[in-house]
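When reading the values below, keep in mind they use all heavy atoms of this one structure, side chains included, and skip hydrogens, waters and symmetry mates. Quick note on labels: first sequence line is chain A, next is B, and so on, each numbered from 1.
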2 protein chains.
Amino acid sequence: MSGKRVTIYDVARELGVSASYVSRALNGHPATSQKVREKVRKKATELNYKLNSHAANLRQGSSRTIGVVVPHINQTFFSEAIAGIEEVCFENNHSLIICQSHESFAIECKAIDTLIHQNVDCILISLSAETQSYTHLQNILAHHIELIQFDRCMDHVDSYKVFNDDKEASYSAAKMLFDQGYRRVAFLGGPQHLTVFKRRKEGYLMALRESGFSIPYDFIVDDILDKEQAATIAAALLSAPHPPDAFLTVSDHQSLGVLEVAQSRGVQVPEQLGIFGFANEAFTPIIKPSLSSIDQKSKDLGKATAGIYFENILKGQEPTLTKREVIIKTELICRQSSRRTIAS
Amino acid sequence: MSGKRVTIYDVARELGVSASYVSRALNGHPATSQKVREKVRKKATELNYKLNSHAANLRQGSSRTIGVVVPHINQTFFSEAIAGIEEVCFENNHSLIICQSHESFAIECKAIDTLIHQNVDCILISLSAETQSYTHLQNILAHHIELIQFDRCMDHVDSYKVFNDDKEASYSAAKMLFDQGYRRVAFLGGPQHLTVFKRRKEGYLMALRESGFSIPYDFIVDDILDKEQAATIAAALLSAPHPPDAFLTVSDHQSLGVLEVAQSRGVQVPEQLGIFGFANEAFTPIIKPSLSSIDQKSKDLGKATAGIYFENILKGQEPTLTKREVIIKTELICRQSSRRTIAS
DNA sequence: TTGTAGGCGTTATCAT
DNA sequence: ATGATAACGCCTACAA
């Protein structure tokens, strides 16, 4: 009863057929009779037979498994994106291995190695903040594993890329701030070697240029990674003789840092200071004042990313996408933190 | 150069040794000379050789992989626990496959099947809210896969269990509410077939009994799963002629629902209504008033859970744990939402 | 429709 | 210290 694993041979013996027939029956191969197929399936569940994926993978050279590497799974954007990826993989009967890089380049490399060992068919990756080189990505390709980047992508790597209309998004967020009467809009950005953050900055700069207003050079600060850093910068800027009257940031956590500093100093938001975040984290509608943000449609983004593998790569419908770039439209969510004209 | 996968045979051929020797060298087998071992390693990286885990697993019968099944990866408790699990697995050179059940019993079963296919050595699971039967858990054991339950466990299943001191935690939360002068403390609970929620309710009942106060039977409501349901119940209770003056809940999201209802009706928190949550979600210190909650030490809990596999099961140090239960102590975090005496 | 045989890449056993 | 060989469980030509 217990002891060794049940194999197709066990099922075959019980039924008096060959192992290969059992294999075919279980896989619904056309060259099997309805009747026997049913019998085999029944016996298999009866014996509690379970496929050994490792054996199947070894034989077939494909694992029907997809790997995902993200900086953190507990940020709304990533967990939602993963939910989307999961859904599509599930529909296509593929498994998913999720790895976190914890924003570390070294861990990201290790994760990729693991996924290569696991023989995944495809790796979906959103790069860590530290990542500046791309040899590890080329290593993926060298192992004939498909590669798709999303959100935090690296240019100059030959792969599909899925991301938001980041430039447009931060352009309209900045524009909205100007429209609300804010004039001295500061910008807290991310690492510039990641294209997402470059694009978000470009959007801001575009709106700034268009507005005709000018701001001091130190109102633009890159490489802010968390709430604490954002708070430090905000505190410094707000202490200056001519402080900003609004902050546009590339993450809600940064915005939260700004908000906390403002509140601790009695600066009224949104009356004296406008704040605009990015990512539409779960906490944004809950806090007071509620935080304006950008909804990245992260679940759709995840679905699109996984979809590329199944639709464009597996089914070989490459021609439909010439530039190998998919852009997911964001949605501007205007809440209290940037709504100055609300009272007027 | 490209085309086929690099195997130990390729490395062996280049070096003029046998494949089995390469295998041994790569694994640091004692019956290999230092010198050749180095040579093999160098050549292997040079040729970009990567182990095929599937082949190794098939041969060894073990995958050095652990599976985790949780309801959702984007709840603080679970993502932190996973971070802990990940850390321990990493230290022990094991891979991790993460699956979400999305609180669905059917998906949970499917996830377990997948993990069995993947030949994982051990499954760490926190059950979905729907799960009432445990045949799928016994199926895991039938496949000679180790099983460890955490947080949301099912009794009567023969496995290690890791969970918080839930009863003590909600006991002290309730006691704190009484100490602050609240008298009519309502309780919003979870599905009673999951032991966690049973224990949390017991703690509340214990404190209530001890307090000597009595409350109407309808102040105790089980099976609340989300913010919306909590809000509905809170609205109903607060409309009654003799409403509760405090709510103790089994999740921060429930508490948030209560808080929003209170605020929309102009009920002052904490002056007129005390609120106490559970889980110490990221948003609890951010909202106004900040929400009192229970820190579950979820990362430690994850580490302990994975630790059991490596310490107690793999190394066979079972005797150290007689009851096969590990309890992780929580910490009471008292914030504004339950601090009525602050003004007095 | 059914069976036979061989091999996927690795490692354990046995031999040298 | 090193090599030959078989086996892990499955799938797929090929044969019948």
Can you identify which nucleotide, out of [options], has its nearest atom closest to the [X] side chain?
X     : options               : result
B:R24 : D:dA7, D:dG3, D:dC10  : D:dG3
A:S23 : C:dA12, D:dT12, C:dG9 : D:dT12
A:V17 : D:dA4, D:dA1, C:dG3   : C:dG3
B:A55 : C:dT11, C:dT4, C:dG9  : C:dG9
A:A56 : D:dA4, D:dA1, D:dC10  : D:dC10
B:Q60 : C:dG9, C:dT11, D:dT12 : C:dT11

Just the rounded figure in Å: distance from [atom2] of [N] to [atom1] of [X].
X      : N      : atom1 : atom2 : value
A:N119 : D:dC10 : CG    : C1'   : 15 Å
A:N57  : C:dT10 : CG    : C1'   : 14 Å
B:H144 : D:dC8  : NE2   : P     : 16 Å
B:D10  : C:dC8  : CG    : C1'   : 14 Å
B:R13  : C:dG9  : CZ    : P     : 12 Å
A:R37  : C:dT2  : CZ    : P     : 11 Å
A:K39  : C:dT1  : NZ    : P     : 14 Å
A:R5   : D:dC8  : CZ    : P     : 13 Å

Could you tell me whether [X] and [Y] have a side-chain N and a carboxylate O separated by less than 4.0 Å?
X      : Y      : value
A:K297 : A:E80  : no
A:K161 : A:E325 : no
B:R324 : B:D158 : yes
A:K50  : B:D113 : yes

Could you say whether B:S33 or A:I8 is positioned toward the 5' end of DNA chain D, judged by the nucleotide with the nearest heavy atom to each?
-> B:S33
Applied to residues 43-74 of chain B, the ring-ring contact (aromatic ring centres under 6.0 Å, His included) test, sequence neighbours excluded, yields A:H54-B:H54, B:H72-B:H102
Restricting to pairs with a member in residues 123-143 of chain A, which pass ring-ring contact (aromatic ring centres under 6.0 Å, His included), not counting sequence neighbours?
-> A:F105-A:H136
Angle between terminal axes - the helix from C:dT1-D:dA16 to C:dT16-D:dA1, 5 pairs each end, rounded to 10° = 40°
Hey, does A:A31 reach any base, or is it just sugar-phosphate, or nothing, if we go heavy atoms under 4.0 Å?
-> base
Remember a base hit wins even if backbone is also touched, and classify A:T7 as base, sugar-phosphate or nothing at under 4.0 Å, heavy atoms.
-> sugar-phosphate
Using a cut-off of strictly less than 4.0 Å, decide whether B:N27 has a side-chain nitrogen or oxygen near OP1 or OP2 of C:dT11.
-> yes
Are any of B:Y49's side-chain N or O atoms less than 4.0 Å away from OP1 or OP2 of C:dT10?
-> yes
Would you tell me whether B:N119 and A:R5 have side-chain atoms, one donor and one acceptor, within less than 3.5 Å of each other?
-> yes
Of A:Y9 and A:G16, the one whose nearest nucleotide on DNA chain C sits closer to the 5' end is A:G16
Does B:K110 make a cation-pi contact with A:F90 (under 6.0 Å, within 45 degrees of the axis)?
-> yes
